[in-house]
Amino acid sequence: MASGKRNHKLQEEEQSLKGTLYAVFGIGIFVIASWFAVFSIFTDRF
Amino acid sequence: MNNSTLLRVDKRDARLVMAHMYVAFAALAIGGLMGLLQVFVRSGRFELPANIGYYQVLTVHGVMLGLVFTTFFILGFQAAAVSRTSGTFTAKQRLTSWIGFWIMLLGTVMSATMILLNEATVLYTFYAPLQAHWIFYLGLTFIVVGSWFVIFAHMAKYAQWRKENKGESSPLLTYMVVANSLMWFVATLGVAAEVLLQLLPWSLGFIERVDVAITRTLFWYFGHALVYFWLLPAYMAWYVVIPKVIGGKIFSDSLARLSFILFLLFSIPVGIHHQLTEPGITEFWKFVQVVLTFMVIIPSLMTAFSMFATFELRGRELGGKGLFGWFHKLPWGDARFTVPFIGMAAFIPAGAGGIINASHQMNQVIHNTIWVTGHFHLTVATTVLLTFFGIAYWLIPHLTGRVLTPQMNKLAIIQAFTWAFGMTIMSGAMHWAGLLGAPRRSSYSTYGDAAQAMEWIPYQIAQAVGGTILFLGIIFVLIIFVNLCWFAPKGDEEFPIGEVDKDAEQTPKILENWKVWITVLVALILVAYAVPIMDIINGGPLGSKGFKLW
């Protein structure tokens, strides 16, 4: 029973896409931050 | 179809593909050298000898790398991809490809000759009212028409495969080639119309004036899709080849196909985002195309998710723990993975820059500044180029019956890091200088020692430093290319094709129903372009005579 649980946990770990989720969030944040940086230049100049 | 044709590209097809590669890498050598000369001139420390003009060098650089290298490499790679995944070409299909190749080559020679004779210094985008010699425009027409022959041959192979395998889902790589070829065909209709109906008769003297806004609108109808014509073959390698190289599986066949369909739909009706400061197009239609442009973010993020998922699943399979432990488990010593990976990483700032460029009024901050040059040196000259190099490192030995040796593998990785380093300096300096107002497409000038122009000079020197490092990268890649063509040891180099996970869901049939997607594509193009083009024609001024300012 205990070993079954361990196997299940191992399989879950192997199929986890947590890192992918955080990486794609990271890209999204970078895109938004860059956009607002240039937007602030835009509002200053125009 | 026997099994050997599935694993190896047929020798006759290999010869066809290699013919494309020789032209592509010759163009890379010439275009790269011109790039080096450009950054030297813009540093203000160097002048071109023998009355060679800066804008002539710029035209050679843009045409050789943006049109010749990319088109020949892509069509060669696509031929290999179709031959490998759908079986060898029939004699008729191969002959059609060869005819297309020779027409493209003739067109390249015609255009290149006129540029070298200084009869076609009209910059890479050949904007009217700058007027080139008619042979330059005819040569460009030949390049486009030749490419049609080549893609028709690829699509004929696909049609044959579907006929022979009724009801089955086509090989993913061939499917992607078809999506990219369809997009290319529909997009090139715009530039063909521009050249055949306007620029060619105008340069021949049959008509005196052209409507500049129409020429630019037709150019960008093609021009933005051209960017995706470069990018989609890189995506083919990311989705299909990379999973096999790292020993993993394709994350999702359906997701890959859907993202290609979205690129097909949203790459063309968006060209006006390159003309956001152009008079004669109303704000409403600019806004419509800005919204359509932003739709491309969806398949881009789908691709990012899919790639990270492939990497994470493989990395965890190899024992990677924690949130990012899997990252270290990837095969960083393998150039076939590392080189395109650096290209993928570059696409993050490149994509962010693209969204800024397309953001309607915000485009005024960067329009016609060297920021834009910095942007496309990240997209095409890093993301696409490094992925193409990564492809070449297994494709060329596969075709020539040789192998990538450990020494060449090492040099390939050094090449990619050299490129990334040089590009960070050059493109970074271009982005910053662009934000300070430095113009693109302009030779060195202090503009009468204006204070603002003096601010740009340190960045121009940084561009020269970065450009020199990049040229070193070109030398490395040419050494590898020559080695893989003629000197590497004989052997069998794999053409890696990833497999879909055995538990994956069946791919929906609608994704292969081209009638539906072509109808949607035509509808989107009509919505985005019909009224703006009618407005330009109805409200158009007299038109412009040709100018030769060089």
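A note on names: the letters A, B, ... follow the listed sequences, proteins ahead of strands, and every chain is numbered from 1.
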Distance, nearest 0.5 Å, that separates [atom1] of [X] from [atom2] of [Y]:
X        : Y        : atom1 : atom2 : answer
B/Ile348 : A/Phe30  : CD1   : CZ    : 8.0 Å
A/Ser16  : B/Leu323 : OG    : CG    : 8.0 Å
A/Arg45  : B/Met362 : CZ    : CE    : 11.5 Å
B/Gln361 : A/Phe39  : CD    : CZ    : 9.0 Å
B/Leu436 : A/Ile41  : CG    : CD1   : 8.5 Å

Sort [X] into side chain, backbone, both or neither according to what part of it lies under 4.5 angstrom from a heavy atom of chain A.
X        : answer
B/Phe324 : side chain
B/Leu435 : both
B/Phe251 : side chain

Atom CH2 of residue position B/Trp432 - does it have more than 12 heavy atoms of other residues, nucleotides or ligands inside 6.0 Å?
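Counting neighbours around CH2 of B/Trp432, 12 or fewer heavy atoms of other residues, nucleotides or ligands fall under 6.0 Å, so no.
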Might you point out which heavy atoms bring B/Glu312 and A/Lys18 nearest each other, and give the distance in Å?
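Looking at all heavy atoms of both residues, the closest pair is OE2-N, 3.5 Å.
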Do A/Ile27 and B/Phe308 pass the side chain to side chain contact (heavy atoms under 4.5 Å, CB included) test, and can you show the C-alpha distance, the side-chain angles, and the key distance before you say yes or no?
CA-CA 11 Å; A/Ile27 293 176; B/Phe308 276 119; 3.6 Å; yes
Sub-4.5 Å side-chain heavy-atom contact between B/Ser359 and A/Phe42
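A side-chain contact under 4.5 Å is absent here.
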Go through A/Val31, A/Val38, A/Leu17 and name the one with the most non-hydrogen pairs under 4.5 angstrom from chain B.
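The answer is A/Leu17.
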